[in-house]
Structures are given as structure tokens and as C-alpha cells.
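Taking it in order: structure first as C-alpha cells, then the write-up.
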Amino acid sequence: LQCRNQECRVSETGKCVEGLALDKCPHFGLAPSTVAEPTTSEENAAVAVLYEVSLEKADRLDIQGASAVLRAAPTHLIAIIGPTSSGKTSLIASLCDLFQQGRVGDISFARSRTFFAFEEACHHSRAASLRNVPQMEHTTLGSGVGFYHLALRDGGTPDLVNVLFADRSGEDYRSAADDPSNAASFVEVRRADCITILVTGEGLLDIALRHNVRQDIVMILQGLIDGGVTSLTQRVALVLTKLDLIQRADGVARARAERDFDDIVARVEALFGSLFAEIRSFKIAAAPATAVLSHGYGVSDVLHFWIAPWSPSLARDMRLPRAKRAMSRFGILEPGAES
Amino acid sequence: MDRSIVICGFPESGKTTYLAALWHLITARTHRTALRFKSLLAGDSTHLNGLAKRWRDGLTQVRTDIKTDQLVSMDLVDAEEQELRLTVPDLSGESYRVMFEDRECSTSLASILTEGEGLLLFVHADRIRVPHLVIDVAAQSTALGAAIPDGQVAPWSPTMAPTQVRVVDLLQMLTLHPLSVKYRRVAIILSAWDKVADEGRTPAEFLKERLPLLEQYLRSEADAWEWRVYGVSAQGADYEKENQPLTSTQQAKLQELRELDEPSERIKVIFEGSESSDLTEPIAWLMS
């Protein structure tokens with residue numbers, strides 16, 4: 001059910017917004033119009049005069065906008081990293097969707113400066129997109145980094161928890177594996193409290209792709225480390241996405257994909273465990289394409305990890321950073337820490 | 001003493017109907033109210049009288065035009081016998097739609113919003129837009145034998161935003177530059193309450209279940225709003241609308257209302273389990 005009139009909610013209510021019988025409505029059944037009605041030059045002039053106060057935008061924040069949030073209050077910055085189609089947009093969108101249904105565990109929504117960005121991210125998993133399967137738009141190569149903002153209230157703490165989610169094209173991040181100097185511009189990774197690496201379940205199910213999926217994760221992390229944008233205080237979340245596809249796969253493929261993910265986690269722990277404060281793994285289905293798992297499955301666990309109170313003194317195996325990266329880590333070592 | 005509040009809400013959220021019923025209620029003086037009518041000396045009452053007449057006749061209010069926004073004034077007396085002149089804007093919901101979707105407003109609206117002492121925020125309880133997932137709609141369509149065709153994609157636009165996102169964003173916008181309003185009291189008016197009353201929820205329960213993002217936002221105190229939520233039925237039934245005949249059931253319900261000897265009996269205000277006809281109560285709270 002669709003209607004050319006964007007104000008009409010016939011797809012939800014079954015009723016015409018104009019109160020007409022559906023077979024009488026001239027707009028019913030047509031794709032929603034995105035073209036503005038033609039206006040005369042006089043009307044345009046009147047509109048231009050009418051609205052002269054600009055209000056706060058609600059799109060993705062750029063670096064200046066994110067910096068303002070960081071300066072205003074303590075903020076968790078989450079860098080979400082993954083190859084193209086690994087589910088970054090789905091994960092970010094699912095946060096907005098979940099809070100629109102209620103609290104996420106003991107975490108409640110408090111504020112967002114980027115509602116338009118979240119809503120746009122959600123769009124392609126919603127019926128209003130007219131799609132017949134959920135699909136996410138990808139962040140395009142070279143479009144730089146953008147940030148989504150949420151302020152949350154964690155049940156047990158009196159202060160609001162500000163969170164910024166950094167979004168950059170998967171190809172940008174992959175370029176660090178080709179040349180670690182490319183990572184120098186990844187300011188969001190350098191500042192991140194948690195680096196979240198997405199491993200696509202769909203890729204692990206593909207017998208031809210699975211080896212590259214596994215190796216990509218290792219190489220991207222290696223590129224970031226060699227590029228000097230990671231630190232010992234950062235935590236890492238390894239997130240298996242599109243779990244619904246794995247759950248509905250046949251037994252052999254499913255077991256192999258799960259084994260592959262376990263192998264990735266083990267390799268990252270073995271290779272890079274001493275270079276981060278903590279490495280944790282998660283499995284999610286942020287925007288399932290099937291009914292096997294609920295919308296946003298597993299996202300609550302990742303969110304709790306992201307905003308958990310964290311002190312560098314909790315870091316395991318704390319070591320001094322290499323001198324060339326010292327500027328990005330000032331003030332993080334506790335007195336008495338190994339030197 | 002001059003006092004003013006802001007009435008806010010997206011198109012067809014019940015703002016003008018509330019004003020119409022309010023003007024009838026206080027001028028009829030048949031029911032006890034927190035704020036009472038004093039005189040007609042506040043200014044020209046043509047607009048308010050016109051609204052109240054349509055309301056008494058059982059006719060739907062004409063949609064407020066963005067070019068004919070009105071400021072209306074009422075001379076009232078409060079519970080302490082203090083006289084006050086209440087100024088209320090009857091603004092088109094279109095103004096708020098533009099604020100949300102286009103991120104801009106007129107200087108006159110900005111001035112009205114910042115000079116108020118509190119906010120009456122209207123949400124039509126029976127027209128809450130909730131997003132539906134592709135996966136759910138596709139499953140329903142397939143079950144009905146009418147699968148959604150491939151290849152269709154509608155681009156995103158702010159017009160598609162769910163009701164609670166729009167409302168939360170509007171409240172946030174009021175607290176941010178350049179508006180930065182000083183007041184922090186908001187009365188959430190869930191209008192057309194008669195349409196959802198059968199669901200058996202209190203307005204607070206309704207807010208939590210049907211508008212959970214808004215409830216979380218208010219409860220978080222992120223922007224320090226002091227808030228109340230009211231269920232308000234200012235009409236009591238569907239009113240007649242030009243070129244849109246009512247069904248026989250709607251017609252019968254409207255006839256019942258018209259048969260009431262006192263039109264104020266049509267009004268129901270629900271707050272924390274108590275019921276009255278006092279549409280001035282939320283306003284009195286905002287100004288207290």
C-alpha cells in the first residue's frame with residue numbers, strides 16, 4: 001500500500017489521509033512524490049521572507065560538531081570499523097530503533113543532536129522505503145568521517161553518558177592495510193575509547209570470501225596499529241554481524257562460520273591482545289533480513305560494553321606507548337603504572 | 001498582570017479545538033475551573049468566538065493557516081483572585097512542521113516561543129506515526145498473497161519521521177540556540193483521548209507505551225523539563241467536516257453530544273487518574 005501524498009499513512013492505517021475511499025483517491029497506489037509543488041516567484045519570495053531564523057541541524061556531525069560535543073561533556077567515542085557491507089549503518093540505525101521501542105536494559109535515551117542522521121540510517125529497513133528486503137546505504141569512499149550522537153542515562157549513574165559513533169567508509173579503513181600512513185587522518189580512531197570491528201556473517205558464510213573476511217580484520221587492525229592511531233587504553237569490540245543469516249544457514253555452513261569467527265577473535269587476541277586494554281567479542285543481528293532473530297538482536301550487549309565506566313587503571317598489561325604516539329596518550333597512565 | 005504560554009504541536013494535533021473548547025468553557029461559566037473568566041476587555045474576541053461557535057455546532061475547526069496565525073488574549077482570574085491577562089498564540093501546526101523538517105522559523109514565531117512562560121504541547125493520541133519494518137510488512141504482504149514488488153525505493157525525507165522523534169526534537173530545539181527558551185514546564189496534551197480511552201491506560205501509561213522515546217527523554221531530565229501528561233478530549237466525538245460525511249456511528253455519537261444541555265459536558269481532562277472538564281488546569285499549572 002502506498003500513496004503519492006507523503007502525508008498519507010495508508011500503509012500503516014489502511015485509511016486515506018484525505019478521508020476518501022481508496023478507489024476514489026487520485027494519489028493512492030502511486031509512489032510517494034518527492035518533487036515539490038511548483039510555486040510562483042511571489043510565493044518563493046514570501047517563503048524566503050517568512051523563515052529567517054536558522055535552527056540547529058540534526059544531520060551527522062562533522063569533526064567540528066563532534067569536537068563541540070567532546071568539549072562540552074565527558075563523551076565516549078566509538079569508532080565503528082568494518083569493510084563495506086559489514087553492517088555499520090545497520091548497527092548505528094538499530095540503536096535509534098531500539099530506543100524508540102523503550103529502554104535498552106537499564107539504559108534510557110536522554111537526547112540526540114543527530115535525529116535526521118539516525119532516521120535516514122533507519123530508513124532502508126523500514127516499510128516507508130518501499131523496499132521488500134531491508135538494505136542499508138553504504139558510507140561512500142572519501143566522504144570523510146561523520147558522527148552520530150546520543151546522550152543516554154545509565155540506570156546506576158547520576159550523570160548523562162554522551163556517546164559519539166564515528167562513521168567512515170569501510171574502504172577508507174581498508175586503505176590503512178595497504179598503507180598505514182593512510183591511518184594518520186583517522187582522527188576518530190586516535191580519539192576512540194572503543195574500536196569496534198565488524199565481521200560480516202554473510203561474508204563468513206561465503207566459501208569463496210571467508211578467508212579474505214578473516215584476513216581483512218587482521219590487516220585493518222595491523223594498519224591502524226602501524227599507523228600509530230591506536231593506544232593501550234583503548235578497548236576493542238569484535239562484532240559478528242548478520243547473525244540471522246548464520247542462524248538460518250545449514251548446519252555445516254553455520255558451524256564453519258561460527259568457527260571462523262572464533263578463530264578471528266583468537267587471532268586478534270594472540271596478535272594484538274597486549275596492545276589494547278581489553279578485547280571482547282559479540283554477535284548481533286542489527287537489521288535481520290529474516291524473522292530468525294529479533295530486530296536489534298545482541299545490540300544491547302554491545303551498547304552496555306561501549307558505555308561501561310572505564311578507567312585506564314583497569315587496563316591489563318599496561319605498557320608505555322611508543323614515543324611517536326605519546327602525544328595522543330598524555331595523562332592516561334596512573335601513578336605507579338609500569339614505566 | 002500579563003501572562004503568556006505557548007501552544008505547540010504539529011498539524012492537526014488538536015491545538016485549535018482545545019482553544020475553542022477552552023473559550024466556551026470559561027465564558028459559559030457552568031463548571032468550576034482553576035482559571036475563571038473576568039471580562040471581554042482583553043481585546044477583540046472575534047477569533048475565539050468564531051472557534052467556539054464552530055465547536056458548539058459540532059463542526060471541525062478550519063485548519064489554521066500559516067499566514068493567519070493569531071494571538072488571542074483572555075482576561076481571567078486565578079484561584080487567589082489575582083487578575084491576569086493570558087495571551088495564547090493560535091499558530092498553525094505548519095509552523096512547527098517547518099521548524100522540524102526545514103530547521104528554520106520566522107522571527108515572530110521565535111519571539112512567541114521565547115516569551116512564553118510554559119508550553120502546552122499537543123500530540124494527537126490516535127494519530128501517532130510509528131515506523132514499520134520492511135521485514136514485518138513484507139511477511140504480512142506475502143501472507144496476503146500480495147508480495148511487495150522488487151525495485152521500488154522511496155528516498156528518505158524528514159516528513160517520514162515518527163511522531164515521537166518529531167516531538168522530542170522540537171523540545172530539544174526549544175532549549176538550543178538560537179531559541180534557548182527560559183521556561184522549563186511542559187504539559188503534554190494527548191488530544192482526542194476519547195479515541196484511546198477504551199485501551200484502559202492512564203495518560204502516563206499511554207506515554208510510556210506508545211511514545212517511549214518521549215517518555216525517556218522527559219524522565220532523563222537531560223533538558224530539565226518539569227512535565228505533566230494529560231489526556232484531553234475536547235470534542236468527545238468526531239465533528240462534521242466539509243465534504244467528508246460522517247459514518248452513521250459517528251453521526252449518532254455526535255448527535256448524543258449535541259443533545260447534552262451544556263456543551264462543556266463534552267470536555268474530558270484526565271490527569272493522574274482524576275477526570276474533570278477543566279481545560280484551564282494545565283495552563284494554571286504552567287503559570288503556577
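Values reported hereafter were calculated over all heavy atoms of this structure, with side chains retained and with hydrogens, waters and symmetry mates removed. Proteins come first, then strands; the chains are lettered A, B, ... in the order of their sequence lines, and each starts at number 1.
B:F100 and A:F116 have perpendicular rings, their planes meeting at more than 60° on a 0 to 90° scale where under 30° would count as parallel.
Under a 3.5 Å cut-off, the side chain of B:Q172 and the backbone N or O of A:R111 do not form any donor-acceptor pair. B:Q164 places a side-chain N or O within 3.5 Å of a backbone atom of A:Q100 that can act as its donor or acceptor partner. At least one donor-acceptor pair closer than 3.5 Å links the side chain of B:R103 to the backbone N or O of A:E56. Formation of a donor-acceptor pair under 3.5 Å by the A:E119 side chain with backbone atoms of B:P158 is not found in this model.
Put simply, CD on A:E52 and OG on B:S108 are 7.5 Å apart, with the number rounded to the nearest 0.5 Å. Atoms CZ and CD, on A:R103 and B:Q216 in that order, are 6.0 Å from each other to the nearest 0.5 Å. For the atom pair B:M173 CE and A:K57 NZ, the distance stands at 9.5 Å (nearest 0.5 Å). With values rounded to the nearest 0.5 angstrom, A:C122 atom SG is found 10.0 Å from B:W156 atom CH2. Remark: A:R153 CZ to B:R219 CZ distance equals 11.5 Å, nearest 0.5 Å.
Note on B:I135, B:D136, B:V137: by heavy-atom pairs under 4.5 Å with chain A, the leading option is B:I135. When each of B:L211, B:D169, B:V134 is scored by its heavy-atom pairs under 4.5 Å with chain A, the top score falls to B:V134. Heavy-atom pairs under 4.5 Å with chain B peak, among A:A58, A:P288, A:S129, at A:S129. When each of B:V168, B:L213, B:L176 is checked for heavy-atom pairs under 4.5 Å with chain A, B:L213 comes out on top.
When each of B:L174, B:D102, B:L179, B:V98 is paired with A:L55, the side-chain contact (heavy atoms from CB on, under 4.5 Å) condition holds for B:L179 and for no other.
Using a 4.5 Å cut-off between heavy atoms, B:L109 makes no contact with chain A at all. Interface residue B:E215: only side-chain heavy atoms are found under 4.5 Å from chain A. For A:A110, the parts lying near chain B are the backbone and the side chain together; criterion is any non-hydrogen pair under 4.5 Å.
For A:E202, the CD atom counts as loosely surrounded, since its 6.0 Å shell holds 12 or fewer non-hydrogen atoms of other residues, nucleotides or ligands. The neighbour count for A:Y297 OH, taken as heavy atoms of other residues, nucleotides or ligands under 6.0 Å away, does not exceed 12.
Taking every heavy atom of both residues into account, A:V53 and B:P178 meet most closely at CG1-CG, 3.6 Å. When all heavy atoms of A:A128 and B:A154 are compared, the pair lying nearest together is O-CB, 3.6 Å.
Looking only at side-chain heavy atoms (C-beta outward), A:Q101 and B:P131 stay at 4.5 Å or farther from each other.
A cation-pi geometry, defined here as NZ or CZ lying under 6.0 Å from the six-membered ring centre and within 45° of its normal, does not hold between B:R166 and A:F115.
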